[in-house]
Number of protein chains: 2
Amino acid sequence: MRKATGKMVSTDMQNSFTEENYLKIIHSLSGREGLEVSTNALAESTATRAASVTDMLRKLADKGLIHYKKYQGVRLTDLGEKVAIKVIRKHRLWEVFLVEKLGFGWDEVHDIAEELEHIPSEVLVEKLDAFLGHPRFDPHGDPIPDSKGNLTEPDYLILTDVHISEKVLMMGVLDHAPAFLQYLDRSNITLGCIIEVKEINDYDKSAFVQINGAHTLFISLEVSKNLLVQRL
Amino acid sequence: MRKATGKMVSTDMQNSFTEENYLKIIHSLSGREGLEVSTNALAESTATRAASVTDMLRKLADKGLIHYKKYQGVRLTDLGEKVAIKVIRKHRLWEVFLVEKLGFGWDEVHDIAEELEHIPSEVLVEKLDAFLGHPRFDPHGDPIPDSKGNLTEPDYLILTDVHISEKVLMMGVLDHAPAFLQYLDRSNITLGCIIEVKEINDYDKSAFVQINGAHTLFISLEVSKNLLVQRL
DNA sequence: ATATATTTTTAGGGTAATCTAAATTTTTTA
DNA sequence: TAAAAAATTTAGATTACCCTAAAAATATAT
């Protein structure tokens, strides 16, 4: 546990690698509605202990990046949100670079982008964005915030919400784990493919689906829950 | 000042950002002959105090990365050399990327490459190298080590060694400072241009030179000392 | 060759980010 | 609603990297 230092709050201060990660994770855990995020949830996501999280929360609160009252969980301030979105923009642009330009698979880029996202240079991000042709989505279908910090989450369906005989377009994934993405590769489920739900098993909600009007396969509820789709 | 910890020495351990910077700087200061580097020289180059350098040297020696005897200066071990060359390879490849692909000027890329060079992924470096077409030199004319760690420094002349009426090819710069590179830009002195020495002033060694058989200009000894060239 | 100056190392601390263990607050349950 | 459980915070350390001041070793100069 650390003491308060009472430093000045400046607008263009540097945020450390660790601070940026906290902000990004708080953004992601608080979701679209900006719900309060718990200390334990952060401990889990940052792979640290709750006590360490508490220390960092005090620090982020002192810097004006989060709203924090002891025992009450945290939310991002407007400033914190701005910083988080910048990090997310960088992460997703680097992922596009790694897949589109360097030829990585979508299952290989997360950890590398996790490092690249903390490289601090506004002009670098803008030049990278232009080089990539101002992409709107990353290789997993996640939207890329624009240079002004606008992030619009498209409202996709989850495949579990789709009824029998409906055809949908595959738009993104919720789980970014390499094992899941590799499973999709092996099943020929790619961004933009057409999925038609043929049957749903009442008992376990597993489904029989057809991909691009061609091959068919069974997918478990666990898989359906992680596929973002859109009606045709 | 820190105590020895007596940790195991493993071949594929992680080196921190700071450690990698020390190795890179030791490599650069010890030159082609692998001369001993002094504590003060390292303090200067790392922008830290001599006492901090001593601490880090003990640590690098414990990890088997440098040869270090108190008061005697340091040299890289074979392992340290290998690590240093990997960092240099990454730095120079990223500089090529920033200039060739993102459109940065050669005066703008040093600080950004300084960050990118510490991103740890062998496969990233190899894919980047392939994407760039396996460049042999970075935007300042410095040679890029190959994937096996071979670094061959071409033996260029310094412009001060060139006699009157000789024509030489501009191959690189010793000083990477933005101000110097911007001066060269304004003077139309670029990598690959032809420089003919027309006159040398005996008093201050300033010179009158012609660029690409076209425009002529005066350059100071300070400038000549930082230009690497090769006879035609 | 000895005195002086310079360089380097040691001693003792500080900060950021982490930890374990214990105390405290909030939530759940009987 | 009081007791038990869970979540969170505080207390006190640890590690990596950095600092100043003082001591020790080396280099330079008279």
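First the proteins, then the strands, lettered A, B, ... as listed; each starts at 1.
E19(A) meets the salt bridge (charged side-chain N to carboxylate O under 4.0 Å, His left out) test with K59(A), K63(A); sequence neighbours excluded. T77(B) meets the side chain to side chain donor-acceptor pair (under 3.5 Å) test with no other residue; sequence neighbours excluded. When the salt bridge (charged side-chain N to carboxylate O under 4.0 Å, His left out) test is applied to E100(A), no partner is found at least two apart in sequence or on another chain. Evaluation of the side-chain contact (heavy atoms from CB on, under 4.5 Å) rule for K148(A) yields D146(A), N150(A) as partners, not counting sequence neighbours. Residues passing the side chain to side chain donor-acceptor pair (under 3.5 Å) test with E122(B), sequence neighbours excluded: K86(B). Listed by chain and residue number, nothing satisfies the side chain to side chain donor-acceptor pair (under 3.5 Å) test with E44(A) (two or more places apart in sequence, or in another chain).
Of the residues in residues 34-50 of chain B, those with a non-hydrogen atom less than 4.0 angstrom from any atom of DNA chain C are S38(B), T39(B), N40(B), A50(B). DNA chain C lies under 4.0 Å from at least one heavy atom of each of the following residues of residues 16-29 of chain A: S16(A), T18(A).
Sequence neighbours left out, the pairs with a member in residues 219-230 of chain B that pass salt bridge (charged side-chain N to carboxylate O under 4.0 Å, His left out) are E222(B)-K225(B). Among residues at least two apart or in separate chains, there is no ring pair (Phe, Tyr, Trp, His ring centres under 6.0 Å) pair with a member in residues 20-69 of chain A. For residues 103-122 of chain A, every residue pair satisfying the ring pair (Phe, Tyr, Trp, His ring centres under 6.0 Å) rule, not counting sequence neighbours, is listed here: F17(A)-H118(A), H91(A)-H110(A).
If you take NZ of K69(A) and P of dT9(D), they are 13 Å apart, rounded to a whole angstrom. The separation between L57(B) atom CG and dC18(D) atom P is 12 Å, rounded to whole Å. A straight line from CG of D55(A) to P of dT20(C) spans 13 Å, rounded to a whole angstrom.
For dT8(C), neither phosphate oxygen OP1 nor OP2 lies less than 4.0 angstrom from any side-chain nitrogen or oxygen of Y68(B). Close to dT8(D), at under 4.0 Å from its OP1 or OP2, lies no side-chain N or O of T54(A).
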Between protein and nucleotides 22-27 of chain C, what N or O pairs are separated by less than 3.5 Å?
from    : atom 1 : to     : atom 2 : distance (Å)
dT25(C) : O4'    : Y71(A) : OH     : 3.4

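Within the cation-pi definition used here (under 6.0 Å to the ring centroid, within 45° of the axis), K101(B) qualifies as a partner of F131(B).
Which of dC19(D), dT10(D), dT18(C) sits closest to the side chain of R58(A) comes down to dT10(D).
When each of D142(A), N226(A), D107(A) is tested with H176(A) by the rule side chain to side chain donor-acceptor pair (under 3.5 Å), just one qualifies, namely D142(A).
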